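Predicted model, so just to flag it, every value in this text is computed and none were measured. Start at 1 with the first residue, then count along the sequence. No hydrogens, no waters, no symmetry mates; every other heavy atom, side chains included, goes into these values.
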Amino acid sequence: MSKYLKYTKSFYFLGLVFFIAWMIFIDSNNVVNQVKLSNKLGQLEDQKEFYLERREKIKTEREELMSNPELLEKFAREKYLMKRNTEDLYVIVKK
């Protein structure tokens, strides 16, 4: 037991304990913040992957719309409620 007390009174041991406690709890880059930031980074990478996939899907749909006039007309009628001059448009709202 006295052997362990000898080492705990050492300046280097106390300095090391203080340094470890400082890095774990007090420092702005402490372990808790690093874990939170790591989790957030994972979430953001998942979101990035989702939006990149969505971007590619929209890009292919856009290419398809721009190459096919009939499909473009259908899209405009459905999405933006566009009509020809000779047509009447009735919008049915579901409650």
Fill in: Value rounded to 0.5 Å, distance of CG in L71 from CG in L65
5.0 Å
Worksheet item: Do L37 and L41 belong together in a cluster built from hydrophobic side chains that touch within less than 4.5 Å?
Response: no
Practice prompt. Keeping to residues at least two apart or across chains, list the salt bridge (Lys or Arg N to Asp or Glu O under 4.0 Å) pairs with something in residues 49-72.
Written response: none
Discussion item. My understanding is that a hydrophobic cluster links ILVMFWY residues whose side chain heavy atoms are under 4.5 Å apart, including indirect links. Using that, what else belongs to the cluster containing Y51?
Written reply: F50
Practice prompt. Using the test side-chain contact (heavy atoms from CB on, under 4.5 Å), find all partners of F18 that sit at least two apart in sequence or belong to another chain.
Written response: W22
Fill in: All side-chain contact (heavy atoms from CB on, under 4.5 Å) counterparts of I20, not counting sequence neighbours
L16, I24
Item to complete: Report whether I26 and V32 are members of the same hydrophobic cluster (ILVMFWY, side-chain heavy atoms less than 4.5 Å apart, transitive linking).
Response: no
Item to complete: Write out all pairs satisfying salt bridge (Lys or Arg N to Asp or Glu O under 4.0 Å) with one or both partners inside residues 33-48, taking only residues at least two apart or from two chains.
Response: none
Worksheet entry | Set of residues satisfying side chain to side chain donor-acceptor pair (under 3.5 Å) with respect to E73, sequence neighbours excluded | R77, R84
